[in-house]
Amino acid sequence: MAGAGTDSPLRLPRAAAAGLGLLTGFTGGLVVTSVVLLVMDGPLFATFVVLVLAGLIGFFFTAFGTDILRRRPWSATCGVLAGVVAATSMFVWYRSNRIEEVWAVPYDRPGAPEAVGAWVTPDLAVRARADLVTAYRIGDGSVAWTWEPPGRDTVCAMSSAAHDGLGLIGHASAGRPCATTVALDLRQGTTRWAHHDEATDPFKAERFVMGLALTGDVAVVRHGSGWRGLSTADGHELWRAEAGAGCRPAFVDAAPGSVVAVAHCASDPGADRAAALRLAPGTGAVVTRTALPVRDPGTRYAVLSADPLVLWVGESEERGTRAVLVIDDRGAVRTTIPAEADDHTLLVEDFDPLGTPTFEARPLPAAVVTRGLLIAPAVKPGDRRVIHDRNGSFFAYDGRLVAVSLDDGSRRWTSDLDDETRGITVSDGSVWALGRDELFRIDPVDGRRVRTLDGLGHALPVGLTVRGDRYLVVAEDGTGPLPPVRALRPDFVVF
């Protein structure tokens, strides 16, 4: 009993020294961290508060605990080391959840045309304005090459994907049909071959149409009353596919091993009927034909997935079809997912319920398909609000991501982001959603936030691509407030 009573007075000074050392080291670490943050981020109110608070606490404990720290140097030293480790860990955690800019390209001149589409390859970020196509090296943002449409033509169509260093671009002069297609070599920025559609079709006066597609070594272009498959090597014709009697080609897209086309067929005056065709890439033969619930000739389409075939149908009519259709291998519509539900609206075609598709020649859908789920931003009643600032007034939405099963159309999960989605993509088995100020990494299985990175500041929809620890952002408006293309990454890469 006596020994136990004698040990207790010894433990107290050691514990006090260790505790004071921990607090002293911790506050010292916070002081250093705050100074580093001030140098890296500039004057921030929160950093100033932490600096002053840490300095006061550190001074208090150093002033009143000097004697205890001196009499127990080993305990004090261990406490200081533990404090430094704790403060450093907080610093790394804080910085690893913030975004830094790796590089950014110069702004477009004031009044320059907006971008109409973009591709990102393993080496390049290719941004197409109506008057100029520019390729930037992903490593440092330097310009690899530029390409201009001939004469006074402007870019009016792009293939949804680039394949094996090749992309398809359609161009035409103002007010003319988008009838000329060029195969652009993305390695050098040169034209490999060109194709011109001589057919006269009054509907071809539509400027922006999805009339170009790439799959393997076949380029698919809209031509006359159907489509042509051309060799990506030299542009020679491989096959022809007709839309059908009384029908006209309205849309085409492709993925490896699959070509999806939509034909509008007039059945009576003032009314159209539509069908989705799955074409064999090698021969152009019609594999399946699916009737679509569409009457509006101005309907917009998007292929969200080729396997299974997930097709967005967006009629502009007030009571038209706005839904995602899941089509099976036999051409039957397996599941229909309406954009408008009882308590929310899915944003599939665009990120803004009142806006137009981002990038006119190569529109960016606001939804993705992964793990048998359609994942899309959604807005509910009361989400919309008006924000006033020095640039004027605009609508903003507090939103969320909603996952819907492709099998039965049931809702699987909802992930509240408290932010409106400005970009979305799938990479490394995760869904990445870009908000106004934050980048969210979402687990597609249950909608859980895996990671949140802040410090972005995006007011408008953008093209988002994830390449490892780099996030490439392509803006439609390159005149400000954000650069046309920039590469981002976390300050610290923590796995």
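Atom set for the values below is all heavy atoms of this structure, side chains included, hydrogens, waters and symmetry mates excluded. All of these numbers come straight from a predicted model, not from anything done at the bench.
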Colleague: Keeping Arg467 on the side-chain end and Val120 on the backbone end, is there a donor-acceptor pair under 3.5 Å?
Modeller: yes
Colleague: Nearest 0.5 angstrom please: Leu212 CG to Ser159 OG, how far?
Modeller: 6.5 Å
Colleague: Got Val133 and Val155 here, is their nearest side-chain heavy-atom distance under 4.5 Å?
Modeller: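 Side chain of Val133 against side chain of Val155, heavy atoms only: contact under 4.5 Å found.
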Colleague: Answer yes if the side chains of Asp408 and Ser410 hold a donor-acceptor pair under 3.5 Å, and no otherwise.
Modeller: yes
Colleague: Does Ala255 offer a backbone N or O that forms a donor-acceptor pair with the side chain of Thr215 under 3.5 Å?
Modeller: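 Present.
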Colleague: Specify the closest pair of heavy atoms between Ala112 and Asp108, including all atoms of both residues, with the distance to one decimal.
Modeller: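 The answer is CB-CB, 3.8 Å.
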Colleague: Apply salt bridge (charged side-chain N to carboxylate O under 4.0 Å, His left out) to the pair Arg187 and Asp123, showing each step before the final yes or no.
Modeller: CA-CA 9 Å; Arg187 298 183 181 92; Asp123 303 316; over 6 Å; no
Colleague: Looking at side-chain heavy atoms only, is the closest gap between Thr358 and Glu114 below 4.5 Å?
Modeller: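 A side-chain contact is absent here, since even the closest heavy-atom pair is not under 4.5 Å.
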Colleague: Is the side chain of Trp413 donor-acceptor paired with the backbone N or O of Arg448 at a distance under 3.5 Å, no angle test?
Modeller: no
Colleague: Measure the OG1-CG distance between Thr290 and Leu325 for me, rounded to the nearest 0.5 Å.
Modeller: 9.0 Å
Colleague: Counting only N and O atoms by type, is there a donor-acceptor contact under 3.5 Å from the side chain of Tyr107 to the main-chain atoms of Pro481?
Modeller: yes
Colleague: Would you check if there is a donor-acceptor pair between the side chains of Ser430 and Arg441 at a distance under 3.5 Å?
Modeller: yes
Colleague: Under a 4.0 Å threshold between the charged nitrogen and the carboxylate oxygen, would Arg129 count as salt-bridged to Asp477?
Modeller: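 Salt bridge: no.
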Colleague: May I ask you to decide if the ring planes of Tyr301 and Phe251 are parallel, tilted or perpendicular, using 30° and 60° as cut-offs?
Modeller: tilted
Colleague: Please report the closest heavy-atom contact between Phe351 and Pro461, naming both atoms and the distance.
Modeller: CD1-CB, 3.6 Å
Colleague: Counting distance only, does the side-chain N/O of Thr299 pair as donor-acceptor with the main-chain N or O of Gly314 below 3.5 Å?
Modeller: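 Absent.
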Colleague: Do Leu401 and Ile424 come within less than 4.5 Å of each other through their side chains, counting heavy atoms only?
Modeller: yes
Colleague: Is the shortest heavy-atom distance from the side chain of Val324 to the side chain of Val348 under 4.5 Å?
Modeller: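 SC-SC contact between Val324 and Val348 confirmed.
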Colleague: Would you find a donor on one side and an acceptor on the other, under 3.5 Å apart, between the side chain of Ser415 and the backbone of Gly447?
Modeller: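 Looks like yes, one N/O pair under 3.5 Å.
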Colleague: Under a 4.0 Å threshold between the charged nitrogen and the carboxylate oxygen, would Arg192 count as salt-bridged to Asp185?
Modeller: yes
Colleague: Indicate the atoms forming the closest heavy-atom contact of Gly117 with Met158, along with that distance.
Modeller: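 Here Gly117 and Met158 meet closest at CA-SD, 3.5 Å.
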Colleague: Is the closest side-chain donor-acceptor distance between Thr191 and Trp147 under 3.5 Å?
Modeller: yes
Colleague: Do Arg411 and His344 get their side chains close enough for a donor-acceptor pair, meaning under 3.5 Å?
Modeller: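 Yes, because at least one side-chain N or O of Arg411 sits under 3.5 Å from a partner of the opposite role on His344.
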Colleague: Do Val182 and His171 have side chains that get closer than 4.5 Å, going by heavy atoms?
Modeller: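 Yes; the side chains approach each other to less than 4.5 Å.
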Colleague: Nearest 0.5 Å, please: how far is CG in Leu304 from CD in Glu349?
Modeller: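 Atom-to-atom, Glu349:CD and Leu304:CG are 10.5 Å apart.
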Colleague: Can you check whether Glu340's main-chain N or O pairs, donor with acceptor, with Arg322's side chain at less than 3.5 Å?
Modeller: no
Colleague: Side-chain contact, heavy-atom cut-off 4.5 Å: Trp432 with Ile442?
Modeller: no
Colleague: side-chain contact (heavy atoms from CB on, under 4.5 Å), that's the test. Do Val462 and Val474 meet it? Break it down for me.
Modeller: CA-CA 6 Å; Val462 295; Val474 181; 6.0 Å; no
Colleague: Decide whether Ser160 and Asp253 meet the rule of one side-chain donor and one side-chain acceptor closer than 3.5 Å.
Modeller: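 A pair is found: one side chain offers a donor N or O, the other an acceptor, under 3.5 Å apart.
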Colleague: Within the side chain of Arg278, is there an N or O that forms a donor-acceptor pair under 3.5 Å with the backbone of Thr288?
Modeller: no
Colleague: Do Val262 and Val252 have side chains that approach each other closer than 4.5 Å (heavy atoms only, starting at C-beta)?
Modeller: no
Colleague: So which atom in Ala475 and which in Ala115 form the shortest heavy-atom distance, rounded to 0.1 Å?
Modeller: O-CB, 3.9 Å
Colleague: Is there a donor-acceptor pair under 3.5 Å between the side chain of Arg400 and the backbone N or O of Ala378?
Modeller: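 Yes.
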Colleague: Does any N or O in the side chain of Glu476 come within less than 3.5 Å of the main-chain N or O of Phe359, such that one atom is a donor and the other an acceptor?
Modeller: yes
Colleague: How long is the gap from OG1 on Thr335 to CG on Asp328, to the nearest 0.5 Å?
Modeller: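 Thr335 OG1 to Asp328 CG: 9.0 Å, rounded to 0.5 Å.
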Colleague: Would you check, one step at a time, whether the test side-chain contact (heavy atoms from CB on, under 4.5 Å) holds for Val310 with Val303?
Modeller: CA-CA 6 Å; Val310 182; Val303 174; over 6 Å; no
Colleague: Under the side-chain contact (heavy atoms from CB on, under 4.5 Å) criterion, do Trp145 and Leu124 qualify, and how do the steps go?
Modeller: CA-CA 10 Å; Trp145 50 260; Leu124 300 171; 3.9 Å; yes
Colleague: Taking the side chain as everything from C-beta on, heavy atoms only, tell me whether Phe440 gets closer than 4.5 Å to Leu453.
Modeller: no
Colleague: Please name the pair of heavy atoms, one in Tyr471 and one in Leu464, separated by the smallest distance, quoted to 0.1 Å.
Modeller: CB-CD1, 4.5 Å
Colleague: In terms of side-chain heavy atoms, does Thr232 have a donor or acceptor partner in Asp164 at a distance below 3.5 Å?
Modeller: no
Colleague: Please report the interatomic distance CG(Leu309) to OG(Ser258), rounded to the nearest 0.5 Å.
Modeller: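 So the gap between those two atoms works out to 6.5 Å.
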Colleague: Which distance, rounded to the nearest 0.5 Å, do you find between the CZ of Arg436 and the CG of Asp454?
Modeller: 13.5 Å
Colleague: If I compare all heavy atoms of Asp343 with all of Pro381, which pair ends up nearest, and what's the gap?
Modeller: O-CD, 3.6 Å
Colleague: Between the side chains of Arg422 and Glu420, is the shortest nitrogen-to-carboxylate-oxygen separation below 4.0 Å, so that they form an ion pair?
Modeller: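 Here Glu420 pairs with Arg422 in a salt bridge, since their nearest N and O are under 4.0 Å apart.
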Colleague: Are Trp119 and Leu186 close enough, and set up right, to give a side-chain contact (heavy atoms from CB on, under 4.5 Å), and what steps lead you there?
Modeller: CA-CA 10 Å; Trp119 296 304; Leu186 303 185; 3.9 Å; yes
Colleague: With side chain to side chain donor-acceptor pair (under 3.5 Å) as the criterion, how do Asp296 and Ser316 come out once you've worked through the C-alpha distance, each side chain's angles and the decisive distance to 0.1 Å?
Modeller: CA-CA 7 Å; Asp296 179 10; Ser316 58; 2.4 Å; yes
Colleague: Does atom CG of Asp307 have more than 12 heavy-atom neighbours, drawn from other residues, nucleotides or ligands, at distances under 6.0 Å?
Modeller: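 For Asp307, atom CG is not crowded (no more than 12 foreign heavy atoms under 6.0 Å).
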